[in-house]
Amino acid sequence: MDLVRPGYLPDPALDADAMEAMQRDIAADAVFADEHDLTPSAVAIDEPIRETAPSQATLDGGGPVVVGIDQAFREEEAVSVAVAIRGGRVIERAFGRAPLEIPYIPGLLAFREGAAIADALDSLTVAPDLLVCDGSGRIHYREAGIATHVGVLFDVPSLGVAKNLLCGTPVEPVEDRYMAAGERVAIEANDRVETCPNGTTIGHFYQSRQYENPERRHVNPLVVSPGHRVATGTATDLVAATCAGYKLPEPTRVADADVGERAREE
DNA sequence: GCGACAG
DNA sequence: ATCTTGTCGC
């Protein structure tokens, strides 16, 4: 697919100030509202995907293409995989790679892993209708997490699914309170989000899976946030639709497994 | 100086 | 993210 904003290619050689300046520009270009033709039912995946190898199904029709993206790391490079899914089946898989030049710095994740993602998406032939990224989107100090960065870079609808909260505050404490499967709690901007007023809804905690007995064992909720061209509530609706019994939505779960074994070989 | 901290 | 086996719970 094509880079719509080449100037936003994440360059690890930039200094921190330039990276932050770019993120402010990206946030200004990002659209945190629905600008797509997706519906939860059109992207729904109800069976766990077992066959991760791309297979051209006989009748996968012309439904929307959801692409799951994830990274893994080796000594000196980041490996990325983009798994394209349509009708609950993998139709294409693209790999990418990039040298690891900077350490992980909270808030600047895209400059460490973004080049590998761009490399993977560059070789993807199908046109994605939605990118599901590993990490945050609008839940970010400058509202420009990796999901937003990648979405704006290619001008494609995107959202982020993270396992931990980077910044922002849930409207009601999620700790120690039992969240049943399907529940969501809005996350609002706080002082650590410097580009929008406190209280702005920037994402959700979403409980994709939960155990019966809250006393002994519990699953942590996912942290979902819009990346680009998707509204907050819609982002969570779409993630909910692509979950098939596991904690992670199928696109990221499959990408996770794929990139793991790819990084381990050669 | 102290806390906060996606992957 | 990554280094790693068994183990507790449903």
Exercise for review: Kindly indicate whether the side chain of A:H149, heavy atoms from C-beta on, has any atom under 4.5 Å from the side chain of A:P10.
Suggested key: yes
Review point. Please give, in whole Å, the distance from B:dA6 C1' to A:I139 CD1?
Key: 10 Å
Review point. Taking atom C1' of B:dG7 as reference, at what distance in whole Å does atom CZ of A:F111 sit?
Key: 15 Å
Check your understanding: Who pairs with A:A13 by side-chain contact (heavy atoms from CB on, under 4.5 Å), at least two apart in sequence or on another chain?
Key -> A:D11
**Study point:** Given DNA chain C, 5'-ward residue of the pair A:Y211 and A:Q71, judged by closest heavy atom
**Key:** A:Q71
Revision key, fill the gap. Quick note, ring pair (Phe, Tyr, Trp, His ring centres under 6.0 Å) partners involving residues 24-53 of chain A, not counting sequence neighbours, are none
Study note, to complete from the structure: Whole-Å distance, A:D134 CG to B:dG7 C1', equals 7 Å
Pairs under 3.5 Å (N/O, protein and nucleotides 1-5 of chain B):
residue: B:dA4; atom: O3'; partner: A:R192; partner atom: NH1; Å: 3.1
residue: B:dA4; atom: O3'; partner: A:R192; partner atom: NH2; Å: 3.4
residue: B:dC5; atom: OP1; partner: A:R192; partner atom: NH1; Å: 3.0

Point to revise | Partners passing ring-ring contact (aromatic ring centres under 6.0 Å, His included) against A:H140 (at least two apart in sequence or in another chain) | key: none
Exercise for review: Classify the nucleic acid contact of A:G160 as base, sugar-phosphate or nothing, counting any heavy atom under 4.0 Å across all strands shown.
Suggested key: nothing
Review point. NA contact type, A:A78, heavy-atom cut-off 4.0 Å: base, sugar-phosphate, or nothing?
Key: nothing
Check your understanding: Taking atom C1' of C:dA1 as reference, at what distance in whole Å does atom CG of A:D70 sit?
Key -> 10 Å
Review point. A:H218 has an atom NE2; how far is it from atom C1' of C:dC8, in whole Å?
Key: 15 Å
Review point. Which residue pairs pass the ring pair (Phe, Tyr, Trp, His ring centres under 6.0 Å) test with at least one member in residues 238-266 of chain A, sequence neighbours excluded?
Key: none
Review point. How long is the line joining CZ of A:R209 and C1' of C:dC10, in whole Å?
Key: 10 Å
**Study point:** side-chain contact (heavy atoms from CB on, under 4.5 Å) partners of A:D15, counting only residues at least two apart
**Key:** A:D17, A:A18
Point to revise | Sequence neighbours excluded, every pair satisfying side chain to side chain donor-acceptor pair (under 3.5 Å) that has a member inside residues 121-135 of chain A | key: A:E92-A:T125, A:D134-A:K163
**Study point:** Secondary-structure stems for DNA chain C, with pairs counted as Watson-Crick or G-U when both distances are under 3.5 Å and runs at least 3 long
**Key:** none
Exercise for review: Would you mind reporting whether A:P48 and A:R253 have side-chain heavy atoms less than 4.5 Å apart?
Suggested key: yes
Exercise for review: Could you tell me which residues satisfy side chain to side chain donor-acceptor pair (under 3.5 Å) with A:T200, sequence neighbours excluded, listed by chain and number?
Suggested key: none
Review point. For A:F154, which residues count as a ring-ring contact (aromatic ring centres under 6.0 Å, His included) partner, sequence neighbours excluded?
Key: none
Exercise for review: Report the distance from atom CG of A:L108 to atom C1' of C:dA1, rounded to the nearest whole Å.
Suggested key: 16 Å
Which atom pairs, one a donor and one an acceptor, fall under 3.5 Å between side chains of residues 99-118 of chain A and the rest of the protein, sequence neighbours left out?
residue: A:R112; atom: NH1; partner: A:I102; partner atom: O; Å: 2.7
residue: A:E113; atom: OE1; partner: A:Q71; partner atom: NE2; Å: 3.1

**Study point:** Separation of atom NE2 in A:H149 from atom P in B:dA6, rounded to whole Å
**Key:** 19 Å
Revision key, fill the gap. Under the rule of Watson-Crick or G-U wobble with both distances under 3.5 Å, where | means paired to another strand and [ ] a crossing pair, DNA chain B maps to .......
